[in-house]
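This report refers to the structure that appears directly beneath it.
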Amino acid sequence: MAQRTVLVVLFDAVQSLDVTGPVEVFTGAEKHTPGTYRVRTASLDGAPVRTSSGLTVVPDRALTVARAPDTLIVPGGEGSRHPDPRLIDWLREHGPRARRLVSVCTGAILLARAGLLDGRRATTHWAYCDRLARDHPAVDVDPDPIFVRDGRVATSAGVTAGIDLALALVEEDLDRDAALTVARHLVVFLRRPGNQAQFSAQLAAQTARRAPLREVQRWISEHPGADLSVESLAARAGFSPRHFARAFQAETGTTPGRYVDRVRLEHARRLLEDTGDGVEEVSRVSGYGTPEAMRRAFVKALGTSPAEYRRRFRPAPVR
């Protein structure tokens, strides 16, 4: 497997987490599978930049000497609202040369100003979706998802959504095990599906304080098709069913049943988005048992059937 170069664009008043989130994901994947990624940062003149939080970041090189990367990442931040015209010119010229073009948060505004989102579906931080749509009517702005894939272009919402998108790209490039390893190291879920709402469903639950309950949360996320009854989960945690139900709700803020429902829904959504598996197979491995049970869950939570969800949200083929 050829090593892929990931280039992150830096500029003054960039959001530091928009930079470090994806960088940590891709460097973590490189540690897991050496020789897969070379992560680099670059600013216009190669000079250090001061982030919106006051941190100073020293880039590896200047954009003017950076070669066309496999994946070009454009972060957001206050500096994206009033960018240096030279940065827009550079993106306009070099963005099309990257195999994959990615933005985090308001980095989408920079891509739009460079004309790289025209005719594509895209998202950004919820607070700036209206502005993006108003200023760039050629862009099909979707304010709901945490990230959107449209061919070779991927855009994400604020901060943590950049981590979700980076994990999805690692899973695409390598495999699920590699992405899972990185996610565990960063103490985040493997990834939230791209079309999950920016106001998280699964992550609305807190991480339990006690290790047995945290292990149960992990088990649920990794085995949605298993027996996830209160009795089974309580036995795994070493609690009585009654004590388990009380403790789980006290420490996560939700009941075991609601937590399982969320995980199964998001697992099914991911499979419908990312695979060609039939609805019957998806319902089975996601723990619903039957397509009808999954259909009822989708209609109740999302207002649409699994088939319609797939039709609407499965990423368009790369073009």
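Along the sequence shown, residues are numbered consecutively beginning with 1. Since the model is a prediction, treat every value here as computed from it, not as a measurement.
A salt bridge links Asp173 to Arg99: one of the charged nitrogens lies within less than 4.0 Å of a carboxylate oxygen. Arg295 has a carboxylate O that lies under 4.0 Å from a charged side-chain N of Glu292, or vice versa, which qualifies the two as a salt bridge.
One N or O on the side chain of Ser283 and one on the backbone of Glu280 form a donor-acceptor pair closer than 3.5 Å. Between the side chain of Arg81 and the backbone N or O of Gly77 there is at least one donor-acceptor pair closer than 3.5 Å. Ser232 places no side-chain N or O within 3.5 Å of a backbone atom of Leu228 that could act as its donor or acceptor partner. Listed for the Thr33 side chain is no donor-acceptor partner under 3.5 Å among the backbone atoms of Thr36. Of the possible polar contacts, one joining the His223 side chain to the Trp219 backbone as a donor-acceptor pair under 3.5 Å is found. No side-chain donor-acceptor contact under 3.5 Å links Thr106 to the backbone of Ile109. The main-chain N or O of Leu55 is found under 3.5 Å from a side-chain atom of Thr51 such that the two form a donor-acceptor pair. With hydrogens and angles disregarded, no donor-acceptor distance shorter than 3.5 Å links the side chain of Thr124 to the backbone of Ala108.
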Practice task
Show your reasoning for whether salt bridge (charged side-chain N to carboxylate O under 4.0 Å, His left out) applies to Glu251 and Arg210.
Solution key: CA-CA 8 Å; Glu251 295 197 20; Arg210 282 176 280 186; 2.5 Å; yes
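At a threshold of 4.5 Å between non-hydrogen side-chain atoms, the residues Val49 and Pro59 do not count as touching. Counting heavy atoms from C-beta outward, Arg86 and Trp90 have side chains that stay 4.5 Å or more apart. Side-chain atoms of Val104 and Leu165, non-hydrogen and from C-beta on, never get closer than 4.5 Å to each other. You'll find the side chain of Leu169 reaches within 4.5 Å of the side chain of Arg100, heavy atoms only.
Of the residues listed (Thr155, Asp150, Asp142), the one engaging Arg121 in a side-chain hydrogen bond (donor to acceptor under 3.5 Å, both in side chains) is Asp142, and it is the only one.
Listed by first and then second residue, the salt bridge (charged side-chain N to carboxylate O under 4.0 Å, His left out) pairs involving residues 16-43 amount to none (not counting sequence neighbours).
In summary, the side chains of Asp70 and Tyr37 do not present any donor paired with an acceptor at a separation below 3.5 Å, with no hydrogens or angles considered. A donor-acceptor contact closer than 3.5 angstrom is absent between the side chains of Thr254 and Thr252.
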For residues 6-17, tabulate all N or O donor-acceptor pairs below 3.5 Å that involve a side-chain atom, not counting sequence neighbours.
unit_1 : atom_1 : unit_2 : atom_2 : d
Asp12  : OD1    : Arg50  : N      : 3.1
Gln15  : OE1    : Leu17  : N      : 3.1

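By the side chain to side chain donor-acceptor pair (under 3.5 Å) test, Tyr288 is found to be paired with no residue, residues two or more places apart in sequence or in another chain being considered.
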